[in-house]
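What follows is one structure encoded as structure tokens, with my remarks underneath.
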Amino acid sequence: MPIRHAEEMCLTCRRNFHEIGEEEGESIMSNGSSSGEECGLPPVSLLRLQSWISPAFPTGSYSYSHGIEWAVEAGHIHNRQSLVDWLEADLCYGSGRNEAIFFIEASRSAADDDCEKLLEIAELAAAFRGTSEFALESSQQATACLATLRRVWPDPLLESLSELASEFRIAPALSVVLGVRAAREKIPATLALPAFLQSYLANLVTAGVRLVPLGQTDGQLAIAELEQAVLATSVQAEEAKIRDLGSAAFMVDLASASHETQYTRLFRS
């Protein structure tokens, strides 16, 4: 059964985290903090990161469920545990893992001021969408994010990337946009990537809270239960390359494709 397979994948993800080691996982944030101190990271940079990944940032993320709406209707997600299993499988083996790799690659290229490499990453990220709704979810959030960043926190490299992407008709991807802007703010990836992934999951948990439905406390418990998966995926993404992109979370893609023809819908994906 698909849901049993998802549960097996989640157990593997948990084992992977323990193989990495809880001490190493917990040290991500402390290492990031020390890195920030070494490079003189000002508090305003962390405030900006909080703004960019906040639900208040105008990307329209609240209108997307990433296929969860169909999964709830089909009965695959019906309580907190099944929601956590679904999201953990997506993060460890699906689009969440790919977004982490795109974020890291964009951050590295931005640190090197390599706009040509950034354009290649942006083009690949735009193409790496399993369904039309995933493509819409990614491009519309990224377009809104990019427009706000250009108005409020402008940056020359991000401006160049935006112009080139527009010229070659490449749809922006949120992970690339935020990876670039965080790097240009000199925020260590060890801080920025887990924060980005936590925001990614928190938005989907909120969708689950509304759809199952779950209580607000259950929603926060789900986010807390996903912390180890966020840290494990962040560690693995740091060591990954573009060639490591790929997805084994087929059920998530199937949910998105099925959502396109779902009769009653609250969400756009």
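Excluded from the calculations below are hydrogen atoms, water molecules and symmetry mates; all remaining heavy atoms, backbone and side chain alike, are included.
The two residues C115 and L164 come nearest to each other via the heavy atoms SG-CD1, 3.6 Å. The minimum heavy-atom distance between A165 and L119, with the atom names listed, is N-CD1, 4.0 Å. The two residues A192 and F103 have their closest heavy-atom pair at CB-CZ, 3.7 Å. When all heavy atoms of A100 and A237 are compared, the closest pair comes out as CB-CB, 3.8 Å. Residues R210 and Y62 come closest through the heavy atom pair NH1-O, 3.6 Å. Nearest heavy atoms, A189 versus S107: CB-OG, 4.4 Å.
Judged by distance alone, with hydrogens and angles left aside, the side-chain atoms of D155 form no donor-acceptor pair with the main-chain N or O of R184 at under 3.5 Å. With hydrogens and angles ignored, the 3.5 Å screen pairs a side-chain donor or acceptor of D244 with a backbone N or O of K241. With hydrogens and angles ignored, the 3.5 Å screen pairs no side-chain donor or acceptor of S45 with any backbone N or O of L41. Although no hydrogens or angles enter the test, the distance criterion places a donor-acceptor pair under 3.5 Å between the side chain of S139 and the main chain of A135. Distance alone, capped at 3.5 Å, places no donor-acceptor pair between the E69 side chain and the S269 backbone. The closest donor-acceptor contact from the side chain of T59 to the backbone of Q141 lies at 3.5 Å or more, if one exists at all. A donor-acceptor pair under 3.5 Å is formed between the side chain of S63 and the backbone N or O of G60. With hydrogens and angles disregarded, no donor-acceptor distance shorter than 3.5 Å links the side chain of S162 to the backbone of L158. The closest donor-acceptor contact from the side chain of N203 to the backbone of S61 lies under 3.5 Å. Between the side chain of S138 and the backbone N or O of F134, no donor-acceptor pair lies under 3.5 Å.
Side-chain contact between S234 and L197 is present, with at least one heavy-atom pair separated by less than 4.5 Å. Residues L91 and R97 are not in side-chain contact: their nearest non-hydrogen atoms beyond the backbone lie 4.5 Å or more apart. At least one side-chain heavy atom of F128 sits under 4.5 Å from a side-chain heavy atom of F102. Between L214 and V205 there is no side-chain heavy-atom pair separated by less than 4.5 Å. A 4.5 Å side-chain heavy-atom check between L193 and I104 finds at least one atom pair inside the cut-off. Using a 4.5 Å heavy-atom cutoff, the side chains of E88 and C92 are in contact.
With rounding to the nearest 0.5 angstrom, the CZ atom of R48 is 15.0 Å from the CD1 atom of I53. For the atom pair CG (L226) and CD1 (I223), the distance works out to 8.0 Å, reported to the nearest 0.5 Å. The OH atom of Y93 sits 13.5 Å away from the CG atom of N98 when rounded to the nearest 0.5 Å. Interatomic distance, CG of L49 versus CD1 of I187, reported as 4.5 Å (0.5 Å rounding). Interatomic distance, L211 CG to T206 OG1, rounded to the nearest 0.5 Å: 10.5 Å. Atom OG1 of T233 and atom CD of E238 lie 12.0 Å apart (nearest 0.5 Å).
The aromatic rings of W86 and H76 lie parallel to each other, their planes meeting at an angle below 30°, with 60° marking the opposite boundary.
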Could you list the donor-acceptor pairs under 3.5 angstrom formed by side chains in residues 169-181, with sequence neighbours left out?
{"residue": "S175", "atom": "OG", "partner": "E99", "partner atom": "OE1", "Å": "2.6"}
{"residue": "R181", "atom": "NE", "partner": "W153", "partner atom": "O", "Å": "3.1"}
{"residue": "R181", "atom": "NH1", "partner": "E185", "partner atom": "OE1", "Å": "3.1"}
{"residue": "R181", "atom": "NH2", "partner": "E185", "partner atom": "OE1", "Å": "3.3"}

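Side chains of E73 and Q262: a donor on one and an acceptor on the other come within 3.5 Å. Side-chain N/O atoms of S95 and D90 include a donor and acceptor closer than 3.5 Å. Remark: the Q140 side chain and the R268 side chain contain an N/O donor-acceptor pair separated by less than 3.5 Å. At a cut-off of 3.5 Å, with distance as the only test, no side-chain donor of D253 or S256 sits close to an acceptor on the other residue.
Here E137 does not pair with R129 in a salt bridge; the nearest charged N to carboxylate O distance is not below 4.0 Å. In this structure, R150 pairs ionically with E159, as a charged nitrogen and a carboxylate oxygen lie closer than 4.0 Å. Ion pairing between E120 and K117 fails under the 4.0 Å rule for side-chain N and carboxylate O. Salt-bridge check for R265 with E133: passed, with a basic side-chain N closer than 4.0 Å to an acidic carboxylate O.
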Please lay out, stage by stage, how H78 and V72 fare under the test side-chain contact (heavy atoms from CB on, under 4.5 Å). CA-CA 6 Å; H78 50 86; V72 170; over 6 Å; no

Assess the residue pair L118 and L157 against the criterion (side-chain contact (heavy atoms from CB on, under 4.5 Å)); give the C-alpha distance rounded to whole Å, side-chain angles, the decisive distance to 0.1 Å, and a yes or no. CA-CA 10 Å; L118 272 175; L157 183 61; 3.7 Å; yes

Begin from the C-alpha positions of H259 and F267 and carry the test ring pair (Phe, Tyr, Trp, His ring centres under 6.0 Å) through to its verdict. CA-CA 9 Å; H259 184 267; F267 293 85; 7.9 Å; no

Take L149 and F57, measure what side-chain contact (heavy atoms from CB on, under 4.5 Å) needs, and give me the verdict at the end. CA-CA 10 Å; L149 288 174; F57 201 73; 4.2 Å; yes

Give the C-alpha distance, both sets of side-chain angles, the deciding distance and a yes or no for side-chain contact (heavy atoms from CB on, under 4.5 Å) between I68 and L83. CA-CA 9 Å; I68 289 175; L83 175 63; 4.2 Å; yes

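The local environment of CD in E123 is sparse, with at most 12 non-hydrogen atoms from other residues, nucleotides or ligands closer than 6.0 Å.
By the criterion of side-chain heavy atoms lying less than 4.5 angstrom apart, applied directly or through intervening Ile, Leu, Val, Met, Phe, Trp or Tyr residues, L47 is not grouped with L191; the two fall into different hydrophobic clusters.
Hydrophobic cluster membership of Y64, counting Ile, Leu, Val, Met, Phe, Trp and Tyr whose side-chain heavy atoms lie under 4.5 Å apart directly or via other members: L136.
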